[in-house]
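These numbers were taken from a predicted model, which means no experiment stands behind them.
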Amino acid sequence: MSEVKADDTGGDGNNPDNVRTCRTVIIGAGMAGLSAANHLLKNNINDFVIIEGRNRVGGRIIAITIDGRRMELGANWIHGILGNPIYELASSHGLVNIIQENKPHNVVATLPDGKRVPFHILQEIYDAYFWFFKRCEEYFLCKYLPPDGVKSVGAHLKLEMSIYLEQFSGHERHIRNLIFNYLLNRETCISGCDSMEEIDLMEIGSYTELPGGNIILPGGYSSILGPLTKDIPDEKFLKGHPVTSIRWRAGLEGFNTTDSGLGEDITNKTLLNSDIHLPGCRSGHASVATSPSKKVRPKVEVICKNGKKFYAEHVICTIPLGVLKESGKTLFDPPLPDYKVDSINRLCFGVVDKIYLEYERPFLNPGLSEVLCLWDPIDLKEPVSERWFKKIYSFTKVSETLLLAWISGEEAKYMETLAFDVVSEKCTEILRQFLNDPFIPKPKRCINTTWWSQPFTRGSYSALGIGASQVDITNISHPLYMQPTCSKPAVLFAGEHCHPSFYSTVHGAYLSGRDAAQVLCMPDTPPEVVLDVEGTADLSSWLEGISLT
């Protein structure tokens, strides 16, 4: 998946044409940014722009069409029906089939020598693994302690597996161990990590799975972008605008804060000869001017790579966690608070890639849905260049002439460095090996995603690594205020990494964007509540008369 380069022509930041002022700047036109924009519009807030580094909208939702065939390169499923705003949005716009056709999912599990594993053994291990994983989730829900020294989901699963396999010996034990290994490789793509050894055991249960299963939209997941963008005017989107700096206390430099608001040491020339008033602040302004009617509001300054500058009262930052990990320390001025940086570093942001193989003609049995590859466990001492393909755990039939494979972690990062032809050749070798058929054709086209290489994602989605918790997600999503006395924040954060229960999902990103926008839709000053108590002069005397028993 190639990324069209954003506008990198540079520009003169002092040119008035390169400077724009608005109430709100939304950074990122992915799901969180689009959700925030729609919520602002529903609340009659129109003074905003959406700055996007790419030359397209959608973020990690993207599809390409080749020869009339649509391939989803990003988000694939709607995870759950009940309580899922994405499903509700898709359903209300006719993007979901009212009657879901339950096609049989027929799989074949094969060993490296081409021998097939009986289905009853496969089902047995699937069932055992399901309960092993459920027990991992119970640590978060029930708050009891795991065995000594077991801190990761991977370690706990392997402990359970080893106990289970003690009842078998020889070949029977080996086959079952290979199926467990396949399930662990699959789990890394579900969780978004390199290895399940990275995922915190005590927190895996913090993810909330919505009922209803995984739903595929007939028109592809990217069809959801239609209803999300139709009400946003085109002029609100500024594509090809990578952000290089967010100066979230711009205009406050040079004077000291006091308990009452602002001090008198004001050196910023743009603020001289005027009254200073902080937008949304509950107290204080410092008068240094002769004109009491003129007020200058300190703004957040957003600077783009092409030289454009934006001044806004509020910024909703939907930059992905992978980019925050890479550039968060230098992107914000002043730097992000230490607690926020620490939480960014603790969370995982895994790499999960897709490999599409397109063929001239069908070659698999029409009733077959998926080919499972039961590799031996990867030896990490082996160079990644010689083992990367062993992370490909299956080939799923999208259509009779299109197969889809998934790969994660360090192996995915290495795969991204290879040419399509090299990936295609290796996938053909794997299929021929595991199906024991030297005549399996080579695909006419191979396309793989490169989410790690993409500068505006640097990965796929987030997970709670060892030592991380929901508190870290809360820390990252916590807004930044220009002053402690401000009632509304200068910078708000949104994205799938900002939702404590639905992280790694599109609906998590949607809800976080809506929540951030909702903060800006609230009145600056909450309405005064008057408590009228008969027979008392004030509230304090009424409280003193309460007897607590």
Side-chain angles (χ1 to χ4, degrees), residues 1-6 53-56 58-76 112 185-186 188-189 192 194 220-222 322 350-364 370-373 375 378 382-435 437-461:
M1 179 180 64
S2 61
E3 181 69 50
V4 179
K5 289 186 177 180
R54 297 180 175 91
N55 284 315
R56 62 171 180 84
R60 282 165 275 175
I61 302 174
I62 177 176
I64 58 173
T65 302
I66 299 179
D67 296 339
R69 186 189 298 277
R70 194 176 185 87
M71 301 180 188
E72 294 292 337
L73 302 181
N76 218 70
N185 284 338
R186 187 185 70 161
T188 62
C189 287
D194 180 37
Y221 202 112
S222 53
V351 181
V352 179
D353 281 319
K354 297 180 180 181
I355 302 172
Y356 281 104
L357 303 171
E358 187 179 15
Y359 295 87
E360 292 283 1
R361 56 180 176 81
F363 66 92
L364 290 176
E370 186 176 11
V371 177
L372 311 185
C373 302
W375 298 100
I378 290 176
E382 192 177 10
V384 67
S385 59
E386 299 177 15
R387 60 174 167 85
W388 68 270
F389 50 89
K390 295 180 182 178
K391 205 67 170 290
I392 299 174
Y393 58 85
S394 77
F395 294 88
T396 303
K397 187 188 291 183
V398 179
S399 72
E400 292 301 321
T401 56
L402 184 66
L403 298 183
L404 171 61
W406 298 76
I407 186 171
S408 67
E410 294 301 317
E411 291 79 9
K413 292 180 182 179
Y414 180 80
M415 183 272 298
E416 292 185 13
T417 68
L418 303 175
F420 287 162
D421 290 344
V422 175
V423 177
S424 173
E425 186 70 31
K426 182 55 69 175
C427 288
T428 303
E429 290 179 15
I430 294 172
L431 285 167
R432 288 175 176 176
Q433 174 185 350
F434 279 85
L435 293 177
D437 183 354
F439 298 107
I440 286 178
K442 294 182 179 179
K444 71 173 184 179
R445 183 179 291 115
C446 173
I447 297 173
N448 61 261
T449 59
T450 56
W451 290 111
W452 167 251
S453 304
Q454 298 303 308
F456 303 119
T457 53
R458 303 299 287 165
S460 300
Y461 37 85

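Remark: the backbone N or O of S460 is paired with a side-chain donor or acceptor of R60 at under 3.5 angstrom. A donor-acceptor pair under 3.5 Å links the side-chain atoms of R432 to the main chain of I440, judged by distance alone. Panel note: side chain E72, backbone Y221; a donor-acceptor pair is recorded below 3.5 Å. A donor-acceptor contact shorter than 3.5 Å links the side chain of E416 to the backbone of S453. Checking side-chain atoms of W451 against main-chain N and O of G350 turns up no donor-acceptor pair under 3.5 Å.
G459 and V351 get closest at one heavy-atom pair: CA-CG2, 4.2 Å. Closest non-hydrogen pair, Y414 versus S385, comes out as OH-CB, 3.2 Å. Pairing each heavy atom of P441 with each of Y359, the nearest pair is O-CE2, 3.3 Å.
Separating the CD1 atom in I378 from the CD atom in E410 is a distance of 11.0 Å, to the nearest 0.5 Å. Atom CD1 of I64 is separated from atom OG of S222 by 10.5 Å, given to the nearest 0.5 angstrom. Atom OG1 of T449 is separated from atom CD of Q454 by 8.5 Å, given to the nearest 0.5 angstrom. Annotation: the span from L404 atom CG to F395 atom CZ amounts to 10.0 Å, rounded to 0.5 Å. The line from SG of C189 to CD1 of I407 is 8.0 Å long, rounded to the nearest 0.5 Å. In this structure, the separation between CG on N448 and OH on Y356 is 11.5 Å, given to the nearest 0.5 Å.
In this structure, R69 and T401 have side chains that are in contact, with non-hydrogen atoms separated by less than 4.5 Å. Two residues are said to be in side-chain contact when any heavy atoms from C-beta on lie closer than 4.5 Å; R54 and T457 meet this criterion. K426 places none of its side-chain heavy atoms less than 4.5 Å from the side chain of I392. In this structure the side chain of R445 reaches within 4.5 angstrom of the side chain of D67, judged on heavy atoms. Inter-residue side-chain proximity for L403 and V371 is flagged as unmet; no heavy-atom pair is nearer than 4.5 Å. Looking only at side-chain heavy atoms (C-beta outward), E411 and M415 stay at 4.5 Å or farther from each other.
Cation-pi check for R458 over W452 is met; the charged atom lies under 6.0 angstrom from the ring centroid and within 45 degrees of its normal.
With sequence neighbours left out, T417 forms a side-chain hydrogen bond (donor to acceptor under 3.5 Å, both in side chains) with no residue at all. Every residue two or more places apart in sequence or in another chain was checked for a salt bridge (charged side-chain N to carboxylate O under 4.0 Å, His left out) with E370, and none qualifies.
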Next item on the list: Evaluate the side-chain contact (heavy atoms from CB on, under 4.5 Å) criterion for residues M71 and E358: first the C-alpha distance (whole Å), next the side-chain angles of each, then the deciding distance (0.1 Å), finally the verdict.
Entry: CA-CA 10 Å; M71 301 180 188; E358 187 179 15; 3.8 Å; yes
Check: Given the rule in the side-chain contact (heavy atoms from CB on, under 4.5 Å) test, do K354 and W406 qualify, once you have shown the distances and angles that lead to the verdict?
Finding: CA-CA 5 Å; K354 297 180 180 181; W406 298 76; 3.3 Å; yes
Notebook entry, point to check: side-chain contact (heavy atoms from CB on, under 4.5 Å) between L418 and W388: does it pass, once the steps are laid out?
Noted result: CA-CA 11 Å; L418 303 175; W388 68 270; 3.6 Å; yes
Next item on the list: Assess whether salt bridge (charged side-chain N to carboxylate O under 4.0 Å, His left out) is satisfied between K442 and D421, documenting all intermediate values.
Entry: CA-CA 10 Å; K442 294 182 179 179; D421 290 344; over 6 Å; no
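Each of I66, V423, I355, L357 was evaluated against I447; a single residue qualifies, I66, per the side-chain contact (heavy atoms from CB on, under 4.5 Å) test. If you run ring-ring contact (aromatic ring centres under 6.0 Å, His included) between F434 and each of Y393, W375, F389, only W375 comes through.
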